[in-house]
Amino acid sequence: MDALGDLISKVTRYHPEADVALLRRAFEFGERHHEGQMRKSGEPYFTHPIAVSGIISELRLDSASLCAALLHDTVEDTTATIAEVQREFGEEVAFLVDGVTKLSKFNFTSKEDAQAENFRKMLLHMASDIRVLLVKLADRLDNMRTLQHMKPEAQERISRETLDIYAPLANRLGIAWLKSELEDLGFKHTNPEAYKLVSGKVAALVEARDGYIHRTQAMLSDRFAEAGFAAEVSGRVKHLYSIWRKMQASKSDFEQVWDVIAFRAVVESSADCYAVLGVVHGLFTPIPGRFKDYIALPKPNGYQSLHTTVIGSERERMEVQIRTRDMHRIAEQGIAAHWKYKERPKSVAGHAIDHKDAQRFHWLRQLMEWQQELKDPQEFLESVKVDLFQDEVYVFTPRGEIKVFPRKATPVDFAFAVHSNVGSKCSGARVNGQIVPLRYQLRSGDVVEILTDPNRHPNKDWLEFAATTRARSKIRSFLRNEQRESAQKLGRELTERALHGAGLSFAKVLKTNALARAVEDAKLNSVDELFIQIGYGRYAADAVAKSLAPPESKTPAELKQGPLEKVVRKVTGKDSSGILVDGETNIMVRYAKCCSPLPGDEIVGYISRGRGISVHRRSCTKGLDIDPDRRVTVSWDEGAKMARPVCLKVITANRPGILAEVGTTFQKCGVNIEEANCRAAEDDRALNLFTFSITDVGSLRSVMKALGKVKGVLSVDRT
């Protein structure tokens with residue numbers, strides 16, 4: 001059967017009223033516009049939209065979604081326009097296609113900024129119509145399935161983005177199979193050595209334990225039947241990435257990770273779930289603290305099930321999940337399980353699921369609202385990554401109202417969730433009637449009461465433990481306002497001093513509004529903004545004085561130093577090399593100790609009063625706490641040869657000789673260890689910190705890869 005016929009056959013099986021004529025036209029339109037284009041694999045490009053539409057059909061979506069899947073790259077990669085798509089296929093399909101189309105015609109300062117703004121655009125569209133996100137997830141899944149044809153650096157970048165954003169989004173939508181496949185594919189390309197290790201161990205385990213799985217399934221089925229319950233029992237090994245995360249979290253080898261094997265019982269009703277749980281606990285010994293009731297307290301994505309971990313028949317830990325058939329369908333299909341198959345040729349996008357079901361995904365609109373005040377692309381993307389991780393902690397207000405937070409949330413997060421004013425005046429907290437520090441990590445079931453003081457306000461230390469975007473953005477906003485006020489005061493003082501040196505009266509200048517000329521020269525909007533920029537060091541106070549009282553003779557413009565270089569040289573009196581600031585060399589820089597950037601890292605610079613330009617890695621969370629107004633464009637000077645210090649944290653088995661093997665590996669890589677801090681940790685492990693100098697991030701990755709191959713090395717991380 002041809003591709004179009006196969007697609008129509010799949011769709012009509014679950015959706016007999018599908019608009020087949022519209023699908024046929026979309027298929028022909030996409031095929032025509034992509035004609036002659038090829039993928040990296042050498043296949044015709046249109047095989048990709050066909051594959052994406054196939055994934056959409058697995059999600060059992062409507063005709064508009066299928067058309068958007070077939071057309072999603074036409075506007076971005078061909079001569080087709082959104083206006084043309086709307087004319088041919090209607091407003092609904094055009095809205096979905098536009099939501100998935102990247103902002104490729106705009107210029108961004110970095111790939112990260114482009115990624116952030118593309119995601120912001122998609123967020124706005126998917127808040128109106130969740131199908132935008134579903135098409136994008138299907139697009140990403142097919143790209144991940146064929147990622148082996150890309151260059152290694154592209155594989156790693158795309159896979160990291162998938163693990164950070166798209167897999168958590170699939171999880172938030174409750175689509176378990178999609179989330180698991182995205183995670184495993186991302187894992188495969190971000191850490192191929194670990195992927196090979198875990199996949200090999202799992203394959204061996206399945207082969208060795210296949211009989212055990214079947215015996216346990218049969219035992220559970222027989223016992224449920226004896227108790228009078230019709231239950232479908234299945235057993236499986238958990239997916240690779242989830243196992244790897246357990247290994248990382250517990251710093252354990254594969255053999256030491258418990259409940260790798262999970263069993264599932266699907267029953268008729270919620271009451272049966274609890275009754276079957278009693279049967280399981282009567283048959284096997286439950287492990288205290290390992291029971292979770294997601295039926296009474298569903299996860300934010302609608303997931304419901306009972307989870308318990310028990311000691312199995314062969315003295316092994318195993319997890320048992322118990323749910324109804326409806327719960328199972330929702331657990332696997334998520335939002336797609338709620339879909340209503342009603343064709344609406346003239347309807348406006350945004351009503352593909354009914355209002356009651358849409359309430360399950362209010363987090364999406366809330367996420368969009370919180371991001372509106374985050375203008376900086378990098379801060380926006382960092383906060384989105386935080387918000388997308390699965391909420392785990394359920395706590396209560398003194399009145400019994402339940403609130404859901406991400407794991408590691410603190411009373412500060414709770415305070416800002418209640419109200420911005422409560423967070424801003426937070427002075428302490430009571431949890432379960434006891435005073436706790438603000439760093440206390442909330443646990444499910446906690447009853448939280450916030451104490452306030454009108455004289456208190458947020459401080460920078462809160463950013464070290466605040467977990468939610470709402471809290472972090474409010475804290476940063478307060479701190480930045482304080483910084484701006486300080487910068488404005490400093491800028492005013494510097495301007496007054498410069499005008500005094502030029503023989504001008506600061507009071508008269510303000511009174512006559514003569515500074516308007518300087519504001520215009522600086523391309524700013526107000527005198528206050530001029531003072532702020534002078535205080536930050538972005539603009540020179542001397543330039544203001546010269547604009548008001550220019551000298552008789554002027555140096556030619558092409559011989560003048562830029563204002564940024566002048567103020568930094570004046571403040572520091574030093575030169576440096578290795579970094580270009582706004583394209584200029586010989587400007588004083590210092591490398592942030594919090595992230596120790598190396599040549600080859602993506603970097604960003606911030607003006608620091610009195611100390612030149614502070615250079616951070618783009619991913620550094622400390623850098624995000626600095627006011628974006630102080631940001632300058634920096635890049636590595638390719639002509640400069642330099643070595644920078646870096647520290648690696650290497651966790652190893654605590655056995656004789658391993659330190660010598662690690663040292664030999666450093667030596668083979670041509671690296672001289674400048675400082676080492678080694679100590680024994682718990683569970684027969686050793687924590688080792690090695691400091692050395694290296695010339696670029698590529699060389700560092702080679703060292704880390706070599707260390708990871710040493711037998712007994714459990715993890716290698718840059719600190």
Side-chain angles (χ1 to χ4, degrees), residues 168-176 179 238 242 259 262-281 286-310 319-335 337-338 356-367 386-411 413-418 429 431-433 436 440-450 467-468 470:
L169 275 171
N171 187 43
R172 276 299 190 102
L173 294 181
I175 309 174
K179 170 241 183 188
K238 293 183 177 180
S242 69
D259 55 25
F263 293 88
R264 180 180 301 136
V266 179
V267 297
E268 296 294 328
S269 67
S270 296
D272 287 353
C273 290
Y274 292 97
V276 163
L277 175 69
V279 174
V280 172
H281 285 175
I287 297 174
R290 298 288 295 171
F291 168 68
K292 295 178 181 177
D293 187 346
Y294 293 120
I295 294 178
L297 290 173
K299 290 186 178 183
N301 62 11
Y303 176 89
Q304 289 184 288
S305 191
L306 298 179
H307 289 195
T308 185
T309 302
V310 298
E319 183 179 77
V320 181
Q321 301 171 359
I322 307 167
R323 61 182 69 150
T324 67
R325 285 182 172 78
D326 282 343
M327 292 174 191
H328 181 61
R329 184 169 56 89
I330 293 168
E332 291 301 307
Q333 295 295 321
I335 192 172
H338 300 271
K356 181 179 178 182
D357 289 332
Q359 291 303 303
R360 295 175 182 267
F361 304 98
H362 72 282
W363 58 268
L364 184 57
R365 188 169 297 279
Q366 189 177 56
L367 176 64
V386 171
D387 278 338
L388 285 180
F389 284 106
Q390 180 62 47
D391 291 331
E392 290 272 348
V393 181
Y394 298 79
V395 300
F396 297 89
T397 68
R399 296 182 178 181
E401 179 186 354
I402 191 167
K403 290 187 176 292
V404 187
F405 292 95
R407 195 180 298 175
K408 297 186 179 180
T410 65
D413 298 294
F414 185 96
F416 279 104
V418 173
V431 174
N432 305 323
V436 297
Y440 171 85
Q441 292 185 2
L442 301 176
R443 302 167 185 165
S444 289
D446 282 346
V447 178
V448 184
E449 179 186 357
I450 300 299
T468 60
R470 181 176 179 82

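Since we're looking at a predicted model, the values are computed, not measured. Computation of the quantities below employed the complete heavy-atom set of this structure, encompassing side-chain atoms and omitting hydrogens, waters and symmetry-equivalent molecules. If you read the sequence from its start, that first residue is 1, and numbering goes on from there.
- Between Ala467 and Ala409, the closest heavy-atom pair is CB-CA, 3.8 Å.
- With rounding to the nearest 0.5 angstrom, the NZ atom of Lys292 is 11.0 Å from the OG1 atom of Thr308.
- Heavy-atom minimum distance, Ala296 versus Pro298: O-CD, 3.5 Å.
- Here the straight-line distance linking atom CG of Leu306 with atom CE of Met327 works out to 7.5 Å at 0.5 Å rounding.
- Taking the six-membered ring where tryptophan is involved, the planes of Phe414 and Phe405 are tilted, since the angle between them lies from 30° to 60°.
- For Lys238, the salt bridge (Lys or Arg N to Asp or Glu O under 4.0 Å) partners two or more places apart in sequence, or in a different chain, are Glu319.
- Under the side-chain hydrogen bond (donor to acceptor under 3.5 Å, both in side chains) criterion, Thr324 pairs with no residue at all, not counting sequence neighbours.
- For His328, the ring-ring contact (aromatic ring centres under 6.0 Å, His included) test picks out no residue, with sequence neighbours left out.
- Residue Tyr440 forms a side-chain contact (heavy atoms from CB on, under 4.5 Å) with just one option from Val431, Val448, Thr410, and that option is Val431.
- One distance of note links CD of Gln321 with OG1 of Thr309; it measures 9.5 Å at 0.5 Å rounding.
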May I have the step-by-step check of side-chain contact (heavy atoms from CB on, under 4.5 Å) for Tyr274 and Ile295, ending in yes or no?
CA-CA 10 Å; Tyr274 292 97; Ile295 294 178; 3.6 Å; yes
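- In terms of heavy-atom proximity, Ile450 sits nearest to Pro411 at CD1-O, 3.5 Å.
- Listed by chain and number, the residues in a side chain to side chain contact (heavy atoms under 4.5 Å, CB included) with Phe396 are Ile402, Val447 (sequence neighbours excluded).
- With Gln441 contributing its side chain and Lys408 its backbone, the two residues share no donor-acceptor pair below 3.5 Å.
- From Asn432, atom CG reaches atom CD of Glu449 across 11.5 Å, with rounding to the nearest 0.5 Å.
- When the shell of 6.0 Å around NZ of Lys403 is examined, it contains more than 12 heavy atoms from other residues, nucleotides or ligands.
- By the salt bridge (Lys or Arg N to Asp or Glu O under 4.0 Å) test, Glu268 is found to be paired with Arg325, residues two or more places apart in sequence or in another chain being considered.
- Ser305 contributes atom OG, which lies 11.5 Å from atom CD1 of Ile330 (distance to the nearest 0.5 angstrom).
- Side-chain atoms of Asn171 do not come within 3.5 Å of backbone N or O of Lys179 as any donor-acceptor pair.
- Applying the salt bridge (Lys or Arg N to Asp or Glu O under 4.0 Å) rule to Asp326 yields the partners Arg329; only residues at least two apart in sequence or on another chain are considered.
- Partners of Ser269 under the side chain to side chain contact (heavy atoms under 4.5 Å, CB included) rule, at least two apart in sequence or in another chain, are Ala271, Asp272.
- Take Ala331 and apply the side chain to side chain contact (heavy atoms under 4.5 Å, CB included) test, not counting sequence neighbours, and it matches Tyr303, Arg323.
- Here the CD atom belonging to Glu332 is positioned 10.5 Å from the CD1 atom belonging to Ile175, to the nearest 0.5 angstrom.
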